Amino acid sequence: MTYRVCFVCTGNICRSPMAEHVFRRYVEDAGLGDAVEIDSAGTGGWHEGEPADPRTVSVLDAHGYTSAHTARRFRASWFPALDLVVALDEGHLGELRALARTPAEAARTHLLRSYDPAAGDLDVPDPYYGGRQDFEQCLEMVEAASDGLLTAIRRELENRTP
């Protein structure tokens with residue numbers, strides 16, 4: 001049974017596609033590519049159908065990650081098919097939990113940086129209005145949380161009954 005994860009930010013062109021591509025690599029490198037499906041979306045639909053921000057693509061490409069992406073908006077109807085919804089900041093977390101139709105759906109929504117034991121502030125700041133360094137910092141935060149997230153998902157997969 002496939003474990004499904006969706007990363008969510010505001011417009012699905014900066015942080016969440018970055019998290020999607022980075023985490024996909026972590027999952028593939030761990031040999032779990034067939035067991036974990038990774039996607040991303042935005043809380044708003046402003047950029048639906050657009051590719052990722054060129055600065056996101058540039059940073060991903062520079063670090064050897066894939067970057068093909070088409071933005072879309074998160075829908076409450078997706079919750080039943082998802083095992084984990086990963087918000088990039090507190091605002092997204094609140095919006096997603098408000099969209100959840102059941103307590104169980106809300107409980108499957110977590111902040112990405114909650115998986116990074118060294119993180120102080122759990123928000124990944126939006127790099128959209130910044131420069132390249134802001135996108136690099138975003139990548140660092142995503143990478144730092146990805147090990148812990150992978151460990152948590154691996155544990156979930158091990159606990160599932162075959």
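Since this is a predicted model, take the numbers as computed values, not measurements. These values consider heavy atoms only, across backbone and side chains, with no hydrogens, waters or symmetry-generated copies.
- To the nearest 0.5 Å, atom CD1 of residue Ile13 and atom CG of residue Asp126 are 8.5 Å apart.
- In this structure, Ala87 and Leu93 approach most closely via the heavy-atom pair CB-N, 3.6 Å.
- Under the 3.5 Å distance criterion, the side-chain polar atoms of Thr70 are left unmatched by any main-chain donor or acceptor of Gly49.
- Side-chain N or O atoms of Arg97 include one that pairs as donor or acceptor with a backbone N or O of Thr109 at under 3.5 Å.
- Nearest heavy-atom pair, Ser16 versus Asn12, reported as atom, atom and distance to 0.1 Å: OG-ND2, 2.8 Å.
- Side-chain contact check for Tyr26 versus Leu32: every heavy-atom pair is 4.5 Å or farther apart.
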- Would you check, one step at a time, whether the test salt bridge (charged side-chain N to carboxylate O under 4.0 Å, His left out) holds for Arg160 with Asp83? CA-CA 12 Å; Arg160 286 188 172 182; Asp83 296 288; 2.6 Å; yes

- Task: Evaluate side-chain contact (heavy atoms from CB on, under 4.5 Å) for Met141 paired with Asp116, printing each intermediate quantity in order.
- Result: CA-CA 8 Å; Met141 291 178 181; Asp116 178 0; over 6 Å; no

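- In the hydrophobic cluster analysis, where Ile, Leu, Val, Met, Phe, Trp and Tyr join through side-chain heavy atoms closer than 4.5 angstrom, Leu88 is grouped apart from Leu96.
- Looking at heavy atoms from C-beta onward, Val8 lies in side-chain contact with Thr43 at the 4.5 angstrom threshold.
- Note: the hydrophobic cluster containing Leu139 also contains Leu150 (ILVMFWY, side chain heavy atoms under 4.5 Å, direct or indirect links).
- Taking the six-membered ring for Trp and thresholds of 30 and 60 degrees, Trp78 and Phe74 have ring planes more than 60 degrees apart, a perpendicular arrangement.
- One finds the NE2 atom of His110 at 12.5 Å from the CG atom of Leu122 (value rounded to the nearest 0.5 Å).
- When all heavy atoms of Leu149 and Tyr115 are compared, the pair lying nearest together is N-CB, 3.5 Å.
- Without hydrogens or angle criteria, Ser58 side chain to Pro54 main chain gives no donor-acceptor distance under 3.5 Å.
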- Item | Check against side-chain contact (heavy atoms from CB on, under 4.5 Å), Leu84 and Ile153 | CA-CA 9 Å; Leu84 182 62; Ile153 290 174; 4.3 Å; yes

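- Using a distance-only test at 3.5 Å, with no hydrogens or angles considered, no donor-acceptor pair links the side chain of Arg113 to the main chain of Val124.
- Arg55 places no side-chain N or O within 3.5 Å of a backbone atom of Phe135 that could act as its donor or acceptor partner.
- For the residue pair Thr10 and Arg15, a side-chain donor N or O sits within less than 3.5 Å of a side-chain acceptor on the partner.
- A donor-acceptor pair under 3.5 Å links the side-chain atoms of Asp121 to the main chain of Asp123, judged by distance alone.
- For the atom pair SG of Cys9 and CG of Asp89, the computed distance is 8.5 Å after rounding to the nearest 0.5 Å.
- Put simply, the side chain of Asn159 never gets that close to the backbone of Glu156: no donor and acceptor are under 3.5 Å apart.
- Here the CD-OG distance, from Glu20 to Ser67, works out to 10.5 Å after rounding to the nearest 0.5 Å.
- When side chains are defined from C-beta on, Thr2 does not count as touching Val36, because their heavy atoms never get closer than 4.5 Å.
- Between Cys14 and Tyr128, the shortest heavy-atom distance links the atoms SG-CD1, 3.8 Å.
- When only modelled atom types and interatomic distance are considered, His47 and Asp53 share no side-chain donor-acceptor pair under 3.5 Å.
- Counting heavy atoms from C-beta on, the side chains of Glu37 and Tyr3 never come closer than 4.5 Å.
- Although no hydrogens or angles enter the test, the distance criterion places no donor-acceptor pair under 3.5 Å between the side chain of Thr56 and the main chain of Ala52.
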- Item | Worked verdict on His69 versus Ser40 for side-chain contact (heavy atoms from CB on, under 4.5 Å) | CA-CA 9 Å; His69 178 73; Ser40 67; 3.3 Å; yes

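- For the 3.5 Å distance criterion, the side chains of Glu136 and His63 qualify, holding a donor opposite an acceptor.
- At least one side-chain heavy atom of Val142 sits under 4.5 Å from a side-chain heavy atom of Leu112.
- For Asp39 (side chain) and Cys6 (main-chain N/O), no donor-acceptor pair under 3.5 Å exists by modelled atom type.
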- Message: Is there a salt bridge (charged side-chain N to carboxylate O under 4.0 Å, His left out) between Glu48 and Arg73? Walk through the geometry before answering.
- Response: CA-CA 7 Å; Glu48 278 188 293; Arg73 184 177 191 172; over 6 Å; no

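- Shown here for Ala19 and Phe7, the closest heavy-atom pair between the two residues is CB-CD2, 3.5 Å.
- Side chains of Glu143 and Tyr65: a donor on one and an acceptor on the other come within 3.5 Å.
- Taking each heavy atom of Cys138 and Met18 in turn, the nearest pair found is SG-SD, 3.7 Å.
- Remark: the His21 side chain and the Thr66 side chain contain an N/O donor-acceptor pair separated by less than 3.5 Å.
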